[in-house]
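Presented below is the structure to which this report refers.
Lettering follows sequence order; numbering is per chain, from 1.
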Protein chains: 2
Amino acid sequence: MTASSAEERLARWRTALQAHGYRLTAARRAVLRVLARSERALDATQIFDLARRQAPGLGLVTVYRTLEALQALGLVQRVHCNTHCASYVAAEPGHQHLLVCRGCGRVWYFGGDDLGSLMQSVAGESGFVVEDHWLQLVGLCEACRQAEQAEGSRSGCKEEAVK
Amino acid sequence: MTASSAEERLARWRTALQAHGYRLTAARRAVLRVLARSERALDATQIFDLARRQAPGLGLVTVYRTLEALQALGLVQRVHCNTHCASYVAAEPGHQHLLVCRGCGRVWYFGGDDLGSLMQSVAGESGFVVEDHWLQLVGLCEACRQAEQAEGSRSGCKEEAVK
DNA sequence: CCTGAAACTGAAAATCGTTTTCAATACGAG
DNA sequence: CTCGTATTGAAAACGATTTTCAGTTTCAGG
Ligand SMILES: [Mn+2]
Ligand SMILES: [Mn+2]
Ligand SMILES: [Zn+2]
Ligand SMILES: [Zn+2]
């Protein structure tokens, strides 16, 4: 499901950052690596904890600043949910939406949604002009669904550890 | 577009709260009134400022607490956006989605979206089971679109004051 | 009407996530 | 290698939300 490989993304991101005058520092590279390789949306603290393993002196501030840069270039996108809306995931190029597993938190991408007729009907009634739409699906992935099957007997922890 | 009238909502909310053991205090009533009558999503501080006119001694804490109660009963819903996701709007009963005007912030409700086929195709490819979906449209309402027309000459403030 | 238990209140303090400030450091074009 | 500038992390500042707490109010029951 995940369209780009982590290494592809990483290369793309590095190029994009440099092309826009950003410098490639060790701290920044560690953050990029974590985010590019993650299958799930991560918030600043989670990125911090993971990236710190590769870049010991890393500061949480730098995570925030790198996220800001990546977002400005459209390389990552925020993932909203019922609780906090402060997690980020790699953005695939082009128009796409997210599919989030409520079990493991992993994220898939999909496009090919046709909301054209819906938007027209909405616009038709009132004088409203729809400029943007925002769609997110939540469900259970194959793995988590099977894990939920084998539940009942055990108090299974369906949340997989973050790498 | 707005399905229920403000007074309908207010009555419904009061009943629901009392049915669940919540008490109807002056402070709480003021918050309810503001939210039930608002055409746009409001955050805690905006509710506080509006409700304080009717309930002078009102504390911001009570606004938070009332929002929590309303949300627990599914009477209000959070509105997400690019910036902060801390605004709330009355939730219409049943499945529906939001249409938000980026000009004035007013909110409309709509249903009748058919995402069944989309969800099936997503589910078909992987073993994913879609359990919920979440859709929000952003655009310009009739009034704000016209106001934007008459712009160009003036530096028109398209944001209408909050009641 | 009273009464009392429990829910509710607002002020203040605590806490959380994020941003700003700043002096020291590292990047990378030349 | 050199230098101008972007970047760094620590600490302080910040805004939004939550917790604590002692006094107040609601409302079911008598
Ligand atoms: Mn789409
Ligand atoms: Mn729907
Ligand atoms: Zn899963
Ligand atoms: Zn959100």
Side-chain heavy atoms under 4.5 angstrom apart, residues restricted to Ile, Leu, Val, Met, Phe, Trp, Tyr: same cluster for A/L135 and A/V138? no
Rounded to whole Å, OH of B/Y64 lies from C1' of C/dC16 at a distance of 12 Å
Nucleotide D/dA16, atom P - distance to CD of B/Q46 in whole Å: 11 Å
Let me confirm one number: the CG-OG distance from B/D113 to A/S117, rounded to the nearest 0.5 Å. 10.0 Å
For atom CD of B/E68 and atom C1' of D/dA16, their distance in whole Å: 15 Å
Quick one: label A/R28 by what it contacts on the DNA or RNA (base, sugar-phosphate, nothing), any heavy atom closer than 4.0 Å. sugar-phosphate
Check the distance between C/dA11's C1' and B/F48's CZ and give it to me in whole angstrom. 11 Å
Rounded to whole Å, the CZ-P distance (B/R23 to D/dT26) equals 9 Å
First locate atom SG of B/C144, then atom CZ of B/R102, and finally report the distance between them rounded to the nearest 0.5 Å. 8.5 Å
Quick one: on DNA chain D, does B/A26 or A/A26 contact a more 5' nucleotide (nearest heavy atom)? A/A26
I need the OH-P distance between A/Y22 and C/dG28, as an integer number of Å. 14 Å
Can you measure B/R29 atom CZ to D/dT25 atom P for me and round it to whole angstrom units? 13 Å
Select base, sugar-phosphate, or nothing to describe what A/Q18 touches, counting heavy atoms under 4.0 Å on all strands. sugar-phosphate
Nearest-nucleotide check on DNA chain C, A/L60 vs B/T25; residue mapping nearer the 5' end is B/T25
Closer than 3.5 angstrom, by distance alone: can the side chain of A/Q77 be matched with the main-chain N or O of A/Y88 as a donor-acceptor pair? no
Has the side chain of A/R65 got a donor or acceptor atom sitting under 3.5 Å from an opposite partner on the base of D/dT8? no
B/S126 versus A/E142: any side-chain heavy-atom pair under 4.5 Å? no
Starting at CZ of B/R14 and ending at C1' of D/dT26, how long is that distance when rounded to a whole Å? 15 Å
B/V61, nearest nucleotide to its side chain (from D/dT7, D/dT18, C/dT9): D/dT18
